[in-house]
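Take a look at the structure set out below.
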Amino acid sequence: VVALRTALADLTRVQALALIGPTADAASDDENAALSASMDIWTSIGPDPDVYAKVAVAATATPEAADHLMQRWQNSAWQDYRQAAETLAARPRFVDQLPRITCPALVVHGTGDFYVPLPLGQEVAENLGGPTSFIPIETDGQAITMAFDPRVADAVVRWLQQSTQE
């Protein structure tokens with residue numbers, strides 16, 4: 001969402017986009033209810049491992065990385081997260097604006113992403129206004145985990161090499 005919104009804010013500054021697990025869709029009512037309930041817990045008692053350890057495991061590539069992420073969450077200003085969560089929840093659907101982005105783009109999306117399902121990434125790829133490559137990668141987890149997958153780095157490097165040769 002952030003990379004797409006940034007590109008739309010100043011189209012002249014963006015020469016290419018590599019997107020991992022993107023969406024241009026609004027949050028669903030169910031997603032917002034879950035996010036609100038989660039923020040009620042998070043901002044009152046903090047990132048309790050009994051509640052959030054499974055989220056950390058789903059969001060990382062290894063148990064060690066999950067432990068590290070839990071520690072970072074616990075050391076963060078967790079009381080202040082509600083505004084960011086509410087901004088994420090209030091995001092509007094902006095698929096209709098994607099054709100304005102005409103730079104070359106790569107969309108890499110995990111097939112098993114449960115937070116941002118594959119069809120939402122396909123929708124982004126199909127609606128961007130420039131030459132776009134869409135690469136689904138077989139995964140069990142969501143986009144944050146996929147960012148650590150070496151297949152993603154390989155796909156991005158190959159795409160960059162091809163893009164600079166054209």
Side-chain angles (χ1 to χ4, degrees), residues 1-43 52 55-56 58-61 69 73 76 80-166:
V1 173
V2 173
L4 291 168
R5 285 290 192 189
T6 302
L8 287 166
D10 189 352
L11 297 166
T12 62
R13 294 188 61 179
V14 180
Q15 295 180 2
L17 282 174
L19 304 165
I20 300 172
T23 183
D25 202 10
S28 70
D29 290 341
D30 290 341
E31 181 183 354
N32 284 341
L35 185 59
S36 180
S38 180
M39 281 298 102
D40 287 345
I41 295 168
W42 188 285
T43 58
Y52 292 101
V55 175
T60 56
L69 181 57
W73 285 343
S76 70
D80 300 330
Y81 279 31
R82 183 168 296 279
Q83 183 177 359
E86 288 173 357
T87 300
L88 180 62
R91 73 185 186 269
R93 180 173 169 80
F94 60 99
V95 173
D96 61 328
Q97 296 178 42
L98 295 179
R100 295 176 41 217
I101 301 174
T102 59
C103 65
L106 169 65
V107 177
V108 180
H109 208 100
T111 59
D113 193 325
F114 49 89
Y115 289 125
V116 182
L118 183 68
L120 295 177
Q122 289 171 314
E123 180 179 53
V124 168
E126 291 166 1
N127 285 279
L128 289 169
T132 303
S133 298
F134 180 74
I135 300 176
I137 293 183
E138 289 292 324
T139 60
D140 293 329
Q142 55 106 2
I144 294 172
T145 305
M146 200 177 89
F148 297 101
D149 190 315
R151 296 173 299 168
V152 173
D154 291 344
V156 171
V157 168
R158 274 193 313 276
W159 178 75
L160 288 170
Q161 288 170 338
Q162 291 169 354
S163 297
T164 57
Q165 292 173 357
E166 295 174 0

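Scanning all heavy atoms of the two residues, the minimum distance from Trp159 to Ala18 falls at CZ3-CB, 4.3 Å. Closest heavy-atom contact between Arg100 and Leu8: NH2-O, 3.3 Å. Here the shortest heavy-atom pairing between Ala89 and Ala27 reads O-CB, 3.7 Å. In plain terms, the two heavy atoms of Ala26 and Pro92 that are nearest each other are CB-C, 3.9 Å. Nearest heavy atom pair, residue Thr139 against residue Gly112, reads OG1-N, 3.0 Å.
Looking only at side-chain heavy atoms (C-beta outward), Thr6 and Arg13 stay at 4.5 Å or farther from each other. The side-chain heavy atoms of Glu86 and Leu35, taken from C-beta on, include no pair separated by under 4.5 Å. In this structure, the side chains of Ile101 and Val14 stay at 4.5 Å or more apart for every pair of heavy atoms. Side-chain contact between Phe134 and Glu126: absent, with no pair of heavy atoms (C-beta onward) separated by less than 4.5 Å. Counting only heavy atoms from C-beta outward, the side chains of Val107 and Leu128 approach each other to under 4.5 Å. Using a 4.5 Å heavy-atom threshold, the side chains of Arg5 and Gln97 count as touching.
Between the side chain of His109 and the backbone N or O of Val116, at least one donor-acceptor pair lies under 3.5 Å. Counting only distance, with no hydrogens or angles, the side chain of Thr132 and the backbone of Gly130 share a donor-acceptor pair below 3.5 Å.
Atom CG of Leu4 is separated from atom CG of Leu19 by 5.0 Å, given to the nearest 0.5 angstrom. With rounding to the nearest 0.5 Å, the separation of OG in Ser36 from CG in Asp29 is 12.0 Å. For the atom pair CD of Gln162 and CG of Leu106, the computed distance is 9.5 Å after rounding to the nearest 0.5 Å. How far CG of Asp113 is from CD1 of Ile20: 11.5 Å, rounded to the nearest 0.5 Å. Distance check: Asn32 CG to Met39 CE gives 12.0 Å after rounding to the nearest 0.5 Å.
Within 6.0 Å of the CG atom in Asp96, the count of heavy atoms belonging to other residues, nucleotides or ligands exceeds 12.
Glu31 meets the salt bridge (Lys or Arg N to Asp or Glu O under 4.0 Å) test with Arg91; sequence neighbours excluded. Residues passing the salt bridge (Lys or Arg N to Asp or Glu O under 4.0 Å) test with Arg151 are Asp149, sequence neighbours excluded.
Ring geometry for Tyr81 against Trp42 counts as parallel: the plane angle stays under 30°, on a 0 to 90° scale with 60° as the upper cut.
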